[in-house]
Student: 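Just dropping this structure here.
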Amino acid sequence: MTLGIPNHIAIIMDGNGRWAKSKGMPRTYGHKAGADTLRKILTYCGELGVKYLTVYAFSTENWKRAKEEVDALMFLFKTYLKNEKKTLMKNNVRFIVSGRKDGVSKDLLKEIQNLEEETKNNTGITLNIAFNYGSRAEIVDAINKIIENNEKNITEEIVEKYLYNHLPDPELLIRTSGEMRISNFLLWQIAYSEIYVTETHWPDFDKDELMKAIESYKKRDRRFGGVK
Ligand code: IPE
Ligand code: IPE
Ligand code: MG
């Protein structure tokens with residue numbers, strides 16, 4: 001028996017910089033190409049019947065990068081929000097962002113909030129963009145809220161209630177560009193996710209690559225600690 005299409009796919013969209021370098025171009029050129037890839041992959045996921053797509057776009061550690069690169073990433077995200085509005089509405093996509101607000105400009109926060117508001121009743125795929133996201137930060141924020149709310153008898157369900165969003169856990173985690181690490185992404189939620197790593201850099205990730213990842217997932221034997 002093979003598994004069906006995953007309900008929730010999470011992607012660490014890595015390798016934009018290396019892709020650009022291999023073409024003798026600046027890193028920001030890679031980030032621009034990466035935004036185009038996201039647009040295409042979101043469409044394929046919607047067509048395949050995937051319900052949730054979570055993508056890692058900017059980590060709490062990415063602030064360490066050169067100011068020009070950080071500024072370019074902020075600008076690119078803002079442009080993405082503006083340009084995609086129509087398409088997201090047309091394709092019935094619900095758009096949400098997970099991450100801390102600290103350090104993100106008021107402008108950008110406003111754009112995020114507007115798009116979340118505008119798309120909140122859409123019933124197709126949910127696009128969850130992890131932006132200024134760190135999983136340790138998410139867990140710390142949850143613990144602080146648990147204390148503030150004076151919760152007692154903490155269970156896994158209570159911890160989940162205080163995480164940034166309430167999507168089902170991803171069945172499949174994809175990382176592009178070959179690194180065998182998690183880089184502070186969804187530490188709680190990927191407890192039992194199936195991991196797929198490809199050498200392909202994110203800007204070159206396409207429908208065939210997505211299908212390869214899904215085909216690999218379908219053949220997995222998910223035991224969740226049990227015996228089959
Ligand atoms: C992923 O690509 C995008 C972000 C982290 C914002 P990178 O920028 O990390 O590209 P590489 O890993 O340096 O090639
Ligand atoms: C993870 O990639 C973050 C995003 C894809 C947004 P990084 O490029 O920041 O991760 P490391 O530094 O290689 O672990
Ligand atoms: Mg990287």
Side-chain angles (χ1 to χ4, degrees), residues 8-42 45 52-81 83-84 95-105 108-109 111-112 126-141 163-165 167 170 172-190 193-206 209-210 213:
H8 185 174
I9 298 180
I11 307 181
I12 302 173
M13 307 185 290
D14 198 21
N16 294 348
R18 278 164 280 176
W19 179 86
K21 196 175 171 202
S22 75
K23 298 189 149 19
M25 298 298 280
R27 295 179 59 84
T28 48
Y29 179 75
H31 296 313
K32 263 193 217 126
D36 295 336
T37 300
L38 173 58
R39 190 175 300 119
K40 289 181 211 150
I41 295 301
L42 172 66
C45 283
Y52 308 92
L53 176 67
T54 294
V55 293
Y56 206 4
F58 191 84
S59 78
T60 45
E61 288 73 46
N62 288 148
W63 294 105
K64 290 180 197 159
R65 297 187 179 193
K67 188 177 181 299
E68 304 84 77
E69 182 170 351
V70 171
D71 287 349
L73 285 163
M74 295 295 150
F75 179 77
L76 198 63
F77 190 37
K78 205 150 105 187
T79 315
Y80 182 87
L81 299 180
N83 292 350
E84 292 313 295
F95 170 88
I96 57 175
V97 169
S98 300
R100 277 194 175 160
K101 293 189 167 68
D102 319 30
V104 182
S105 76
L108 187 46
L109 290 173
E111 294 282 349
I112 291 170
T126 295
L127 172 63
N128 175 28
I129 300 202
F131 186 82
N132 196 20
Y133 176 88
S135 190
R136 288 185 171 181
E138 177 177 34
I139 293 168
V140 168
D141 291 349
L163 295 178
Y164 294 146
N165 61 59
L167 312 181
L172 173 61
L173 170 70
I174 298 172
R175 182 166 188 147
T176 58
S177 220
E179 307 298 350
M180 294 290 184
R181 57 176 171 259
I182 300 298
S183 305
N184 202 10
F185 190 44
L186 306 179
L187 299 178
W188 178 279
Q189 297 89 337
I190 60 164
S193 301
E194 296 297 326
I195 300 174
Y196 178 89
V197 178
T198 171
E199 290 296 325
T200 304
H201 299 311
W202 176 248
D204 284 336
F205 193 82
D206 57 11
E209 290 281 341
L210 178 69

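Order of listing sets the numbers, starting from 1, for every ligand and every atom in it. Remember, it's a predicted structure, so these values are computed and weren't measured experimentally.
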Student: I need the contact residues for ligand 2: any residue with a non-hydrogen atom closer than 4.0 Å to the ligand, ordered by chain then number.
Tutor: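 If the criterion is a heavy atom under 4.0 Å, then ligand 2 touches Ile12, Met13, Asp14, Tyr56, Ala57, Phe58, Asn62, Arg65, Arg175, Arg181, Ser183.
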
Student: Please enumerate all residues that pass side-chain contact (heavy atoms from CB on, under 4.5 Å) together with Val140, with sequence neighbours excluded.
Tutor: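 With sequence neighbours excluded, Val140 shows a side-chain contact (heavy atoms from CB on, under 4.5 Å) to Arg100, Asn144, given in chain and number order.
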
Student: Around the Mg ion (ligand 3), how many protein N, O or S atoms are closer than 2.8 Å?
Tutor: 1

Student: Verify the neighbour count for atom NZ of Lys23: are there more than 12 heavy atoms of other residues, nucleotides or ligands below 6.0 Å?
Tutor: yes

Student: Answer yes or no: is there a side-chain heavy-atom contact under 4.5 Å between Met74 and Phe131?
Tutor: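 Sidechains of Phe131 and Met74: in contact.
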
Student: Relative to ligand 1, is His31 under 4.0 angstrom through side chain, backbone, both or neither, heavy atoms considered?
Tutor: side chain

Student: Only one of Leu73, Thr79, Leu81 passes side chain to side chain contact (heavy atoms under 4.5 Å, CB included) with Phe77; say which it is.
Tutor: Leu81

Student: So, does Asn184 use its side chain to make a donor-acceptor pair with the main chain of Arg136 at under 3.5 Å?
Tutor: yes

Student: Going by heavy atoms in the side chains, are Ser183 and Ile12 under 4.5 Å from each other?
Tutor: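 They are not in contact (no side-chain heavy atoms under 4.5 Å apart), so the answer is no.
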
Student: Mark the output for Arg27 as yes if a heavy-atom distance to ligand 1 is under 4.0 Å, and as no if none is.
Tutor: yes

Student: Can you list everything that forms a side-chain hydrogen bond (donor to acceptor under 3.5 Å, both in side chains) with Gln189? Sequence neighbours excluded, please.
Tutor: Glu138

Student: Could you give the distance from OG1 (Thr37) to CD (Glu209), rounded to the nearest 0.5 Å?
Tutor: 11.0 Å

Student: Is there side-chain contact between Thr54 and Asn165, with at least one heavy-atom pair below 4.5 Å?
Tutor: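 Answer no - side chains too far apart.
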
Student: Looking at side-chain heavy atoms only, is the closest gap between Arg181 and Arg175 below 4.5 Å?
Tutor: yes

